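See below for the structure under consideration.
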Amino acid sequence: MYGMTLSGKYWYEEFQEWLNSIGFKTCPTCPVMFTRTEKDGSFLRLIVYIDDCLYFATSDATREKFQKELTARFDVELQGLAHWYLAAHIQQDKDFNVTMDQSRYAKSIVTRFLEPAGVKKSNISHGSILPASFILTSKDMTETAHESSKMQEDYNLDYASCVGSLIYLSYTRPDITFAVNKLARYSRQPGEPHMIALIHLLRYLKQHTQYGLTFYSDITNSPSYKVLLDNNILPSRNMFTFCDSSWDDDHDTSRSTGGFLIFYQGGVVDHSSNMPDPIAMSSAEAEYNEAC
């Protein structure tokens, strides 16, 4: 069955049924996450992608119990502390701060898309994510699919494949989310201005492949916590959210682009760049739409 189209589906059903039978609850909002709580209050949480599992427990006894159950039922390889998961590098320092990054994946994107383009001096790097003068609009799209295909051949760069790769990278790179989401809107028939902006983003990425997310064992050491203190805000919890919005910045629809960052232990756990449906009549309304 391995490698067949439905293998992942059947394996997930098998694994989920077994986990539920030994007391695990499936997360209602994230079906690939499972939790089991023991009588002593300790618990174990597990996430699964096909045949790769990542799990942690709040006690050694709880973890060892699960490992015995797992190895008794399946032929598995226990690889100890996690260092990699789905192309993400996981590190823990001496202060128990955990950092996740996709720097190796970012480098592979640059190697795959920017260097073959050889174009337009691919050895140039940029400190900004998009050109300062760049205006995103569908008016710059090519008129036909053939014209778009010819332009991409000239640049030796597959626009849609590149944007798709960047979408996956943006999970640990909130800094590029705005640019990637905007550029993705023109994947069907990108024009030359969109291609130039994408190459600009790749050059930025080449210079900043090392960025990632850090979660602090002591949240008071995190930069996001210090930002709040600098603005006379004392967080009452370890989770907080920043949000912001433009007003009437979309040249095609007059909608407003908003975004949010949700932090836990000083690291981003969810983020988005989006355009709420209501067309805001003021900057204040745009801010409220995004906050909602």
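Just so you know, residue 1 is the first one in the sequence shown, and it goes up from there. Atoms considered below: every heavy atom in the structure, side chains included; atoms not considered: hydrogens, waters and symmetry mates. Because the structure is a prediction, the values reported are computed rather than measured.
With hydrogens and angles ignored, the 3.5 Å screen pairs a side-chain donor or acceptor of Arg36 with a backbone N or O of Ile22. Proximity of a side-chain donor or acceptor of Arg255 to a complementary backbone N or O of Met275 within less than 3.5 Å is detected. With Ser170 contributing its side chain and Arg173 its backbone, the two residues share no donor-acceptor pair below 3.5 Å. A donor-acceptor pair is defined here as one N or O able to donate and one able to accept, closer than 3.5 Å; such a pair exists between the side chain of Thr71 and the backbone of Lys68. A distance-only check finds a donor-acceptor pair linking the side chain of Ser187 to the backbone of Ala184 [under 3.5 Å]. When atom types are taken as modelled, the side chain of Asn181 and the backbone of Ser273 share a donor-acceptor pair closer than 3.5 angstrom. Looking at Ser222, its side chain never comes within 3.5 Å of a backbone N or O of Asp218 through a donor-acceptor pair. Asp52 places no side-chain N or O within 3.5 Å of a backbone atom of Val48 that could act as its donor or acceptor partner. When atom types are taken as modelled, the side chain of Trp247 and the backbone of Ala280 share a donor-acceptor pair closer than 3.5 angstrom. For Gln16 (side chain) and Tyr12 (main-chain N/O), no donor-acceptor pair under 3.5 Å exists by modelled atom type.
Annotation: side chain of Glu38 is not in contact with side chain of Ser59 (no heavy-atom distance under 4.5 Å). Glu290 has its side chain out of reach of Asp244: every pair of non-hydrogen atoms, C-beta onward, lies at least 4.5 Å apart. Side-chain atoms of Tyr155 and Ile199, non-hydrogen and from C-beta on, do get closer than 4.5 Å to each other. A heavy-atom distance below 4.5 Å is found between the side chains of Arg185 and Lys182. Using a 4.5 Å heavy-atom cutoff, the side chains of His194 and Met141 are in contact. Considering only heavy atoms from C-beta on, Arg73 comes within 4.5 Å of Trp18 through its side chain. Inter-residue side-chain proximity for His251 and Leu136 is flagged as unmet; no heavy-atom pair is nearer than 4.5 Å. Put simply, the side chain of Gln152 does not reach to within 4.5 Å of the side chain of Leu157, judged on heavy atoms.
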Determine, stepwise, if the pair Val180 / Leu201 fulfils side chain to side chain contact (heavy atoms under 4.5 Å, CB included).
-> CA-CA 9 Å; Val180 173; Leu201 174 56; 4.1 Å; yes
Could you go step by step and tell me if Thr99 and Ile90 meet the side chain to side chain contact (heavy atoms under 4.5 Å, CB included) rule?
-> CA-CA 6 Å; Thr99 299; Ile90 304 170; over 6 Å; no
Step by step, would you call Asp252 with Ser138 a side chain to side chain donor-acceptor pair (under 3.5 Å)?
-> CA-CA 7 Å; Asp252 299 321; Ser138 59; 3.2 Å; yes
Would Tyr204 and Asp175 satisfy side chain to side chain contact (heavy atoms under 4.5 Å, CB included), going step by step from the backbone distance to the final call?
-> CA-CA 11 Å; Tyr204 166 82; Asp175 57 323; 2.8 Å; yes
Should Phe240 and Ile262 be marked as a side chain to side chain contact (heavy atoms under 4.5 Å, CB included) after you check the CA-CA gap, both sets of side-chain angles, and the distance that decides it?
-> CA-CA 6 Å; Phe240 44 84; Ile262 301 178; over 6 Å; no
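Closest non-hydrogen pair, Thr177 versus Ser272, comes out as CG2-C, 4.5 Å. In terms of heavy atoms, Leu228 sits closest to Pro235 at CD1-CG, 3.3 Å. Scanning both residues, Ser254 and Ile279, for their nearest heavy atoms gives O-CG2, 3.6 Å. Minimum heavy-atom separation, Phe15 to Leu46: CE2-CD2, 4.1 Å. In this structure, Leu213 and Phe215 approach most closely via the heavy-atom pair CB-CE1, 4.1 Å. The two residues Pro223 and Tyr216 have their closest heavy-atom pair at CD-OH, 3.3 Å.
In this model, a donor atom of one side chain and an acceptor atom of the other lie less than 3.5 Å apart for His200 and Ser128. A side-chain donor-acceptor contact under 3.5 Å links Asp249 and Thr257. No side-chain donor-acceptor contact under 3.5 Å links Asp95 and Ser217. Residues Gln189 and Tyr159 have side chains that never bring a donor and an acceptor to within less than 3.5 angstrom of each other. A donor-acceptor contact closer than 3.5 angstrom is absent between the side chains of Ser246 and Ser256. Donor-acceptor pairing under 3.5 Å is lacking for the side chains of Ser108 and Thr111. Remark: the Ser21 side chain and the Glu17 side chain contain no N/O donor-acceptor pair separated by less than 3.5 Å. No side-chain donor-acceptor contact under 3.5 Å links Asp140 and Thr137. Side-chain polar atoms of Thr172 and Asp101 form no donor-acceptor pair below 3.5 angstrom.
Distance check: Gln265 CD to Tyr225 OH gives 11.0 Å after rounding to the nearest 0.5 Å. Atom OG of Ser224 sits about 6.0 Å away from atom CD1 of Ile219, to the nearest 0.5 Å. For the atom pair CZ of Phe34 and CG of Leu19, the computed distance is 5.5 Å after rounding to the nearest 0.5 Å. The CE atom of Met195 sits 10.5 Å away from the CG atom of Leu183 when rounded to the nearest 0.5 Å. Put simply, CG on Asp60 and NZ on Lys65 are 15.0 Å apart, with the number rounded to the nearest 0.5 Å. Going from atom CD of Glu287 over to atom OG of Ser245 covers 5.5 Å, rounded to the nearest 0.5 Å.
Following chains of ILVMFWY side-chain contacts shorter than 4.5 Å, one can reach Phe74 starting from Leu44, so the two form part of one hydrophobic cluster. There is no path of hydrophobic side-chain contacts, each under 4.5 Å, that joins Tyr288 to Phe260. Under the 4.5 Å side-chain heavy-atom criterion for ILVMFWY residues, no single connected hydrophobic cluster contains both Trp11 and Tyr49. Note: the hydrophobic cluster containing Leu169 does not contain Val268 (ILVMFWY, side chain heavy atoms under 4.5 Å, direct or indirect links). Both Ile47 and Ile50 are assigned to one and the same hydrophobic cluster, defined by single-linkage of ILVMFWY side chains at heavy-atom distances under 4.5 Å.
With respect to the salt-bridge test (charged N to carboxylate O, under 4.0 angstrom), the residues Glu13 and Lys9 qualify. Under the 4.0 Å criterion applied to side-chain N and carboxylate O atoms, Lys226 and Asp230 are not assigned as salt-bridge partners.
Taking the six-membered ring for Trp and thresholds of 30 and 60 degrees, His208 and Tyr211 have ring planes inclined between 30 and 60 degrees apart. Tyr171 and Tyr168 have perpendicular rings, their planes meeting at more than 60° on a 0 to 90° scale where under 30° would count as parallel.
Within a 6.0 Å sphere centred on CG of Leu81, heavy atoms belonging to other residues, nucleotides or ligands number 12 at most. The environment of OH in Tyr55 is crowded: more than 12 heavy-atom neighbours from other residues, nucleotides or ligands sit within 6.0 Å.
The aromatic ring centres of Phe242 and Phe263 sit less than 6.0 Å apart.
Of the residues Phe24, Phe43, Phe56, the one that meets the ring-ring contact (aromatic ring centres under 6.0 Å, His included) test with Phe66 is Phe24.
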